[in-house]
Amino acid sequence: MSTQSTPGIDDAGTTDHPSRSDGFVRGISSVIGGPLGDHATALDRPAGRPERRFWTAVRIVLALACLTLALHWVQKSPCQDGAWQNNVQYTRFCYSDVLALYYAEGLNEGKVPYRDHPVEYPVLTGYFMGALGLPVHAIGDGDPSINQGQWFYNLNALVLGALAVATVAVILALRRRRPWDAALFALAPALLLTATVNWDLLAVGLAAFGLLAWARRRPALAGVLLGLAGAAKLWPLFLLGPVLILALRAARVRAALTAVGAAIVAVVLVNLPAVWANPENWGRFFELNTTRPIDWGTLWYIGRYLDGKVGSESGRLGPFEWLNVHIPTLNTLSYALFALACLGVAVLALRAPRRPRLAQLAFLVVAAFLIFSKVWSQQFVLWLLPLAVLARPKWGAFLAWQFAEVCYFVAFYGELLGAATSRPVFPEGVFVLAASLRLTTVVVLCVLVIREILHPERDAVRATYPDDPDGGVLDGAADAGWLDRWRHPTNKAAAEPATA
């Protein structure tokens with residue numbers, strides 16, 4: 001399908017207009033007079049003539065991202081001084097690990113992460129904490145009048161905010177014909193509420209640059225960036241699986257193996273200093289994740305609640321409560337379900353009528369990890385945000401998911417406040433309902449992405465691009481010859497001459 005005949009694409013065949021191409025936005029646009037008209041300024045600009053207006057789509061989206069992050073800073077401002085009296089961090093929804101862990105990780109005492117103190121995060125996050133925290137401590141030692149915790153938080157907010165804006169810029173670079181897709185990320189309520197709850201934007205930003213490098217056909221650089229992202233938070237390493245399976249389908253395995261090899265080297269090199277300094281402190285992350293029980297808001301937590309509602313009078317533990325007691329079994333089951341989900345995604349990638357886009361499979365894999373994980377912290381929504389935008393840039397289901405995330409955010413802080421005061425703010429069922437709503441909307445997004453993989457004509461991105469703008473060496477590649485023989489073994493048998 002040519003872009004000239006595609007609804008929502010301008011006359012030059014370069015820019016998508018959601019008020020025309022997206023049914024949800026088209027309906028909402030009726031409030032302000034309907035979709036973009038045929039004689040709008042942008043449409044009247046002849047093909048090839050440079051845009052002379054200052055407020056282009058790209059600049060508007062970047063400005064919206066800055067506005068969202070500024071509002072986030074304001075929303076977290078009641079907690080910045082660290083004087084958390086009367087549970088203000090919960091009543092004002094402004095708690096941040098960044099500020100709390102400045103003291104809990106010993107940075108306020110000048111302790112070097114991993115060398116002097118165990119850190120509960122992967123190494124690049126620990127290095128990042130030290131790189132910003134130790135200079136703040138040194139300045140605070142020389143000037144006791146400054147609030148070290150507040151300085152540390154604001155410095156982190158500045159760097160993490162820059163990474164969020166950089167992520168928006170990456171999305172814009174990957175979707176030059178669809179710049180308004182990036183507004184999904186820039187205006188996401190989840191970004192406004194959770195941007196600096198933890199250091200997740202460090203991994204998000206590095207992973208985004210890794211995807212950009214892959215799209216620019218630089219697999220070694222992509223592997224290094226994804227490896228660094230995986231050294232900050234584990235999930236970006238999962239993106240290498242979709243790269244491999246799609247490369248297998250397109251007979252581009254060499255590039256995929258280059259990326260995987262570069263990622264492994266990056267992860268090893270980044271971890272070596274911490275392992276050398278103190279292996280026991282370095283292993284705190286793995287120890288914590290191996291021994292921690294079912295956490296709030298997960299599939300398993302919902303199951304525990306149901307155990308209590310339908311439990312027998314015999315006093316026996318329900319299946320989810322039993323798993324919470326037998327943590328090694330819980331770990332094994334969680335990993336097994338994630339592995340099965342990844343296997344399902346691989347089969348889908350190979351059996352789909354057309355090679356799926358990289359972002360579609362990446363979203364499914366990371367979503368599956370969260371769905372089956374025993375930990376699903378409030379800020380983990382940031383992991384899915386850019387992948388959801390790249391995989392399925394449609395506003396309706398995206399906003400429904402964001403609404404569910406906001407509901408969970410509010411219920412989560414109610415749960416925290418109830419635990420701190422020993423007086424429940426909401427009935428437990430309200431929190432479980434919010435967690436179930438979040439889980440359900442993520443599952444629905446997965447189903448919609450799978451449907452578009454099976455029916456590529458429904459894919460909004462492929463209505464604008466001929467194949468996969470994120471695919472790099474995969475973009476425009478034909479399927480490997482072995483794939484048709486594997487998918488249709490009867491054809492191979494029919495082609496072979498009969499033997500006497």
Side-chain angles (χ1 to χ4, degrees), residues 190 194 197-198 200 233-235 238 241 288-311 316-346 348 361-385 387-388 391 397-398 400-416 418-419 426-450:
T194 67
V197 169
N198 200 282
D200 295 79
K233 297 282 183 177
L234 189 61
W235 66 269
F238 301 151
L288 179 64
N289 283 276
T290 300
T291 58
R292 69 190 303 171
I294 292 172
D295 204 12
W296 287 356
T298 61
L299 169 68
W300 312 99
Y301 188 91
I302 296 169
R304 285 184 64 199
Y305 175 79
L306 296 177
D307 278 351
K309 292 298 182 182
V310 300
R316 293 181 179 178
L317 295 178
F320 290 92
E321 188 61 55
W322 185 89
L323 286 170
N324 193 49
V325 175
H326 298 82
I327 295 176
T329 305
L330 170 64
N331 294 337
T332 301
L333 182 57
S334 175
Y335 299 150
L337 289 172
F338 175 54
L340 285 173
C342 290
L343 179 61
V345 171
L348 173 67
L361 296 192
F363 174 81
L364 291 176
V365 168
V366 177
F369 177 74
L370 290 175
I371 288 168
F372 296 118
S373 176
K374 64 180 182 178
V375 180
W376 193 345
S377 298
Q378 54 171 322
Q379 74 277 4
F380 288 2
V381 62
L382 296 173
W383 304 0
L384 285 178
L385 268 182
L387 300 179
F398 182 90
W401 168 47
Q402 289 298 290
F403 173 76
E405 290 287 353
V406 172
C407 291
Y408 180 78
F409 180 85
V410 173
F412 179 76
Y413 274 88
E415 196 81 350
L416 286 172
F426 305 119
E428 180 67 8
V430 171
F431 177 69
V432 172
L433 178 62
S436 301
L437 184 61
R438 177 180 68 164
L439 175 65
T440 300
T441 52
V442 171
V443 170
V444 168
L445 281 175
C446 291
V447 171
L448 293 173
V449 170
I450 291 171

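Within the structure, the salt bridge (charged side-chain N to carboxylate O under 4.0 Å, His left out) test picks out the following pairs touching residues 290-302 (sequence neighbours left out): Arg292-Asp295. Among pairs with a residue in residues 325-338, none fulfils salt bridge (charged side-chain N to carboxylate O under 4.0 Å, His left out), at least two apart in sequence or across chains.
Taking Val345 as the reference, Leu361, Leu364, Val365 meet the side-chain contact (heavy atoms from CB on, under 4.5 Å) condition, with sequence neighbours excluded. Taking the side-chain contact (heavy atoms from CB on, under 4.5 Å) definition, one finds that Leu340 meets it with nothing, sequence neighbours left out. With sequence neighbours left out, Ile294 forms a side-chain contact (heavy atoms from CB on, under 4.5 Å) with Thr298, Trp300, Tyr301, Arg304, Asn324, Leu330. A search for ring pair (Phe, Tyr, Trp, His ring centres under 6.0 Å) contacts involving Phe363 returns nothing, not counting sequence neighbours.
Closest of all the heavy-atom pairs between Ala388 and Trp401 is CB-CZ3, 3.9 Å. Considering every non-hydrogen atom in both Ala362 and Leu387, the closest pair reads O-CD1, 3.9 Å. When all heavy atoms of Ala367 and Leu384 are compared, the pair lying nearest together is N-CD2, 3.7 Å.
The aromatic rings of Phe412 and Phe431 sit tilted relative to each other, their planes meeting at an angle between 30° and 60°.
Using modelled atom types, one side-chain atom of Asn331 and one backbone atom of Thr290 make a donor-acceptor pair closer than 3.5 Å. Side-chain atoms of Asp200 never come within 3.5 Å of backbone atoms of Leu382 as a donor-acceptor pair (strictly under, hydrogens ignored).
When each of Ile327, Val325, Leu323 is checked for a side-chain contact (heavy atoms from CB on, under 4.5 Å) with Pro293, only Ile327 meets the rule.
Side chains of Leu385 and Gln402 form a contact here, defined as non-hydrogen atoms less than 4.5 Å apart.
Checked against the 6.0 Å centroid threshold, Phe238 and Trp235 do not count as a close aromatic pair.
Between Asn289 and Lys374, the side chains place no donor N or O within less than 3.5 Å of an acceptor N or O (distance only, hydrogens not considered).
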